[in-house]
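Lettering of chains follows the sequences in order, A, B, ..., and the numbering in each one begins at 1. Just the heavy atoms: all of them, side chains too, but no hydrogens, waters or symmetry mates, feed the values below.
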Amino acid sequence: MAITDRGDIKPNETYTFKGKLVRHEGKLTLMDADITEEPPETTIAEIKHTYDFDPKREEVAVAGRLVAWRPMGKAIFGHIQDLLGKLQIYIRKDLVGEEKFKFIKEFVDLGDIVGVKGKLFRTNTGELTVEVEDLQLLSKCLHPLPEKWHGIKDVEVRYRQRYLDLIANPQARQIFLMRSRLLAEIRRFMVDSGFFEVETPTLQPIASGANARPFVTHHNYLDMDLYLRIAPELYLKRLIVGGYPKVFEIGKNFRNEGVDTTHNPEFTMMEFYAAYWDYNDLMKFTEKLFQHLIDTVLEGKSEVTFEGHRINLKPPFRVVRYFDLLKEKTGKDKDFFLRAPIEELRKFATELGVKKAETLTRAKLIDKIFEKVGEPELIQPTFVIDFPKILSPLAKEHREDPDLVERFELIIGQMEIGNAYTELNDPKDQYQRFLEQLKEKQAGDDEAMEMDTDFIRALEYGLPPTGGEGIGIDRLAMLLAGVNSIREVILFPAMRPEEKEKGEG
RNA sequence: GAGCCGGUAGCUCAGUCGGUAGAGCAACGGCCUUUUAAGCCGUGGGUCCCGGGUUCGACUCCCGGCCGGCUCACCA
């Protein structure tokens, strides 16, 4: 290691880049000079775990980011950290040798990635520690780390530089570890329940399957506009036509709408479809899924705190009919909402505080009124069932009431977590519903659905009786993590660019 | 898109009723071989978000803008 002899390196200089303090890049040359050839043999969590079972002065080789550094003359204490744990290291001059010790003091900084080799022991205070025999500088950190006990609080920095959030804030690591676990457990549960995981197009010639404004893009070679999908629904039902008994897809949907604490322009959904199920089967299945998530992700704890409410996720969930809830809150019955003159309904909506009611269609009015009076009550998990048909162009007519469909939404903490129905599998009826959507579109609802004629054709080949459901993964993660912003559970949430490039025309 | 609030050192924050700024941590120079928010002595560090206006003088007041947060509107 001749590097310390080089006179041209001034290890402790700093410079500024765009006004930010950065350590001298002279240190960068060290990265190539002192990289170990051997990857670490183990992780910090593994070391701690095995030591608990079999405590002995074992030789370990492990790497991590230096997050604490306490030099004390001829010895140094520090902590290295990886995603899952933190481990103390103890460097003694007489053990690593004079030259190495000098190198460490001069060139190793807080924030660097280092690899250490040494024996495990416990200090006087009982903390598991590596007595370092050798330390390798694996990568330099040119910026000072955030403050060690407040971490990064500035939410803007936390979202833009998520890597810093993950380094400095243990709560952030916890949330995203939980999200990984959530995805893994959902997949495990679905596969164990006989579902096939599939992937369907995110670039679609027709954006359908939900009511939302799409993002538009263009394919140069085919010279056609394409939409980023707002939902995978119609493709997944085509797969049921094709013979899949049960399918699920976990993936991104894209909706060109506002950004707030419960909406990100791209978000993760799971949709699943099961032949020969109806919405009653879906409710039972959803409850089983939640029980599985309580047993695994939440480690048996069924209560979460969300927006100041204690919410119990343990099934079974409350069930309430859509129009029963509306009647309870407004005193008006189904016939009023579905058959009263539209002017009367608009007047009623305006009284309830619905804005621009005079421009809305009946379907929109009912939807708005429900959001105004119904949803605020729904804190504990609730299946709201039997939606009006005019709000649900892809759902099958209710077996007992032609005004309704066999549909439910699962609402928790005032958030729509799931949406499900017995699927409409009558091609003629589906065609009519699409036509009605086109009418809605002409009446000013730019989120009404598009006609998809190939989907109609698929239904003509025979869609078995089918139940289908979508679950919003981000919102579910918010609930399980107990955080009130969707940005807290999305690693890189949508943000405006930090600074505009200068000199652009 | 509208309203309210915010942007000061790398980080967390204080402050200036208008006279160009401080603390702790981090950094840098010393001392220190069981510390862990290590300790002790010393040092440096700021386009106070950007642009314009008022003023002898603006980080502070006024106007405009950028970015973010919250609430509302739209959506899931």
Distance-only donor-acceptor test, A/Gln88 side-chain atoms vs B/U35 base atoms, 3.5 Å: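 Check passes, donor-acceptor contact within cut-off.
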Identify which nucleotide among [options] has an atom closest to any side-chain atom of [X], counting heavy atoms from C-beta outward.
{"X": "A/Lys148", "options": "B/C25, B/A76, B/A73", "value": "B/C25"}
{"X": "A/Ser485", "options": "B/C11, B/C74, B/C70", "value": "B/C70"}
{"X": "A/Glu156", "options": "B/C74, B/C67, B/U34", "value": "B/C67"}
{"X": "A/Phe77", "options": "B/A76, B/C11, B/U35", "value": "B/U35"}
{"X": "A/Glu447", "options": "B/C74, B/C32, B/U12", "value": "B/C74"}
{"X": "A/Leu110", "options": "B/A26, B/U34, B/A76", "value": "B/A26"}
{"X": "A/Glu257", "options": "B/A73, B/C74, B/G68", "value": "B/C74"}
{"X": "A/Glu416", "options": "B/A76, B/U35, B/G69", "value": "B/A76"}
{"X": "A/Asn124", "options": "B/A27, B/C11, B/U34", "value": "B/U34"}
{"X": "A/Thr123", "options": "B/U35, B/A73, B/C28", "value": "B/U35"}

What contact category does A/Gly258 fall into here, base, sugar-phosphate, or nothing, at under 4.0 angstrom with non-hydrogen atoms? base
Distance in angstrom units between A/Trp69 CH2 and B/C32 C1', rounded: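 Taking CH2 of A/Trp69 and C1' of B/C32, I get 15 Å after rounding.
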What about A/Phe317 and A/Phe290, are their ring centers closer than 6.0 Å?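 A/Phe317 vs A/Phe290: aromatic centres under 6.0 Å.
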Please tell me if [X] has a side-chain N or O lying less than 4.0 Å from either OP1 or OP2 of [N].
{"X": "A/Lys153", "N": "B/G69", "value": "no"}
{"X": "A/Arg487", "N": "B/G69", "value": "yes"}
{"X": "A/Arg496", "N": "B/C67", "value": "yes"}
{"X": "A/Arg70", "N": "B/A38", "value": "yes"}

When the [atom1] atoms of [N] and [M] are considered, how many whole Å apart are they?
{"N": "B/G24", "M": "B/G39", "atom1": "C1'", "value": "15 Å"}
{"N": "B/U60", "M": "B/C50", "atom1": "P", "value": "10 Å"}
{"N": "B/C74", "M": "B/A2", "atom1": "C1'", "value": "13 Å"}

I'd like to check, for A/Phe267, whether its ring lies over the base of B/A76 with centroids under 5.5 Å apart and a plane angle smaller than 30°. yes
Please determine whether side chain to side chain donor-acceptor pair (under 3.5 Å) holds for the pair A/Tyr235 and A/Glu271, giving the CA-CA distance in whole Å, both sets of side-chain angles, and the decisive distance to 0.1 Å. CA-CA 11 Å; A/Tyr235 285 95; A/Glu271 285 203 13; over 6 Å; no
Closest-nucleotide ordering on RNA chain B, the 5'-leading residue of A/Val155 and A/Lys364: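 On the 5' side of the pair lies A/Val155.
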Kindly say whether A/Phe267 contributes a backbone atom to a donor-acceptor pair with the side chain of A/Asp474 at under 3.5 angstrom?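 No: the side chain of A/Asp474 does not pair with the backbone of A/Phe267.
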Give a yes-or-no answer on whether the side chains of A/Arg122 and A/Gln88 include a donor-acceptor pair shorter than 3.5 Å.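 There is no such pair (donor and acceptor under 3.5 Å, judged by atom type) between the side chains of A/Arg122 and A/Gln88.
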